[in-house]
Number of protein chains: 2
Amino acid sequence: MDKYQELLSNVIDQNKLPTLNYKAGDVLFHQGIVESKLFWIKSGLVKLVFIQPDGKEFVKAFLAENDLSGSLMSVVFHKPSPYACICIEACEVIAIPYKKIRDWSEKNPQLKDVELQFMQQLTARKEEREYQFLCLTPQQRYETFKVQYPHIFKRISQAELALFLGITPVALCRINARLQALVE
Amino acid sequence: MDKYQELLSNVIDQNKLPTLNYKAGDVLFHQGIVESKLFWIKSGLVKLVFIQPDGKEFVKAFLAENDLSGSLMSVVFHKPSPYACICIEACEVIAIPYKKIRDWSEKNPQLKDVELQFMQQLTARKEEREYQFLCLTPQQRYETFKVQYPHIFKRISQAELALFLGITPVALCRINARLQALVE
DNA sequence: ACGGTGCATTAACTTAGGTTAATTAAGGAT
DNA sequence: ATCCTTAATTAACCTAAGTTAATGCACCGT
């Protein structure tokens, strides 16, 4: 359990926050709504999705056990979240108002470093994704994902993965076929 | 002048940091090297670039007056920077060791909030870029850039912009031709 | 005026992803 | 066992980007 998880545990204990249960398909928070709570995933798997006016869906991220879900835009800047958070599997989740974390952080100034550190890690992950979109082909992104996140790879549909990689499910299927052809 | 710029000004005064002069083509920091200084651009324009082993170049960002350049990976995690910083125009720059900022922040705990805030803004910009790569076509990204950053658009070559958008200069030229055809 | 140099443009051809729709495969429910 | 649903695959066709190379254009220096 790292420093940030410790901080969250304290906030949860202090405020007696309950564990919530969701089932696959449930929505943790909606797109277009200001949601200033953070969601600590205790178990299960969720996706963050952009849904376009024309119905097209894009997957921003997959989050699983011990990940922290939420919308930076909402939580920090009080703007509507540009994406929704939807359960792929049944989930146990603890909802934490961001204000509680800020309050706790005021009373324990040394924890501001932990908050900063958390934000830095988040930024590092975004840097990686930015790099992949800019410099790698969809096929390379696919192969990288498979080796980097095998535990998530096993739990999502090919279609969901395609929408995360920025291509259509049909295109991902063709990539698979190409890779298969190389083996033979 | 916002809070973060104030913080930086204090660090600069305290340490009597000089203004450095670079000309177009000069390198502020190299790819593959640990560079734990931040570079405050007083005037001019720089680009952050990934250069691949095969010689292909990709532009991660353009930074201009009052922007802060540097590599998160290097500055925070002491890893080699995955990208270089190269001047597009002659620049006046102040180099600030990140350690100085941390020290200053220790002595002025209220400034940790400013640091956190800065990181949040940085993350917000990355979110926007992630969204654009995931959900927009190259043409849409081009049109968005033109209206969102006209002051930078005017100062870069079409080739550099193409490598920022994730396409080749030839492709961007064709997009222009398509847009032009629509007008007529 | 002349000959670079660097960009932007255009063309021809290749490759890969988008779109739509039909087909197959695999589970789940009754 | 049968039906229903969903996901994955395949095909056909269209569109756009990658690649390479030739051409055009404008600015610069001498």
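In what follows, chains carry the letters A, B, and so on, assigned in the order in which the sequence lines appear, proteins first and then strands, with residues in each chain numbered from 1.
The nucleotide whose nearest atom lies closest to any side-chain atom of A:Ser157 is, among D:dA8, D:dT10, D:dA17, D:dA8. The nucleotide whose nearest atom lies closest to any side-chain atom of A:Ala171 is, among D:dA17, D:dT10, C:dG17, C:dG17. Side-chain proximity of B:Arg178 to D:dA17, C:dG17, C:dA21: nearest is D:dA17.
A:Lys56 places its NZ atom 8 Å from the P atom of C:dT20, with the value rounded to the nearest Å. Between the CD1 atom of B:Ile175 and the C1' atom of C:dT9 there is a distance of 14 Å, given to the nearest Å. Rounded to an integer number of Å, the gap from CD of B:Gln180 to P of C:dT9 is 10 Å. Straight-line distance from the CD1 atom of B:Ile156 to the P atom of C:dC7: 13 Å, rounded to whole Å. Remark: C1' of C:dG17 and CG of A:Leu165 are 13 Å apart, rounded to the nearest angstrom. If you measure from atom CZ of B:Arg174 to atom P of C:dT10, you get 12 Å, rounded to the nearest angstrom. Between A:Leu136 atom CG and D:dG18 atom P there is a gap of 14 Å when expressed in whole angstrom units. Note: CD (B:Gln139) to C1' (D:dA16) measures 10 Å, nearest angstrom.
Residue A:Leu48 is not grouped with residue A:Ile156 when hydrophobic side chains (ILVMFWY) are merged at heavy-atom distances under 4.5 angstrom, including chains of intermediate members.
For the OP1/OP2 pair of C:dG18 and a distance below 4.0 Å, the side-chain nitrogens and oxygens of A:Thr168 include at least one atom meeting the criterion. Look at B:Gln158 and you'll find a side-chain N or O under 4.0 angstrom from OP1 or OP2 of C:dT9.
Ring centers of A:Tyr149 and A:Phe145: under 6.0 Å apart, within the cut-off. No close placement of the A:Phe50 and A:Phe58 rings is indicated, their centers lying 6.0 Å or farther apart.
Taking the ring axis of B:Phe164 as reference, the NZ or CZ atom of B:Arg141 does not stay both within 45° of it and closer than 6.0 Å to the ring centre.
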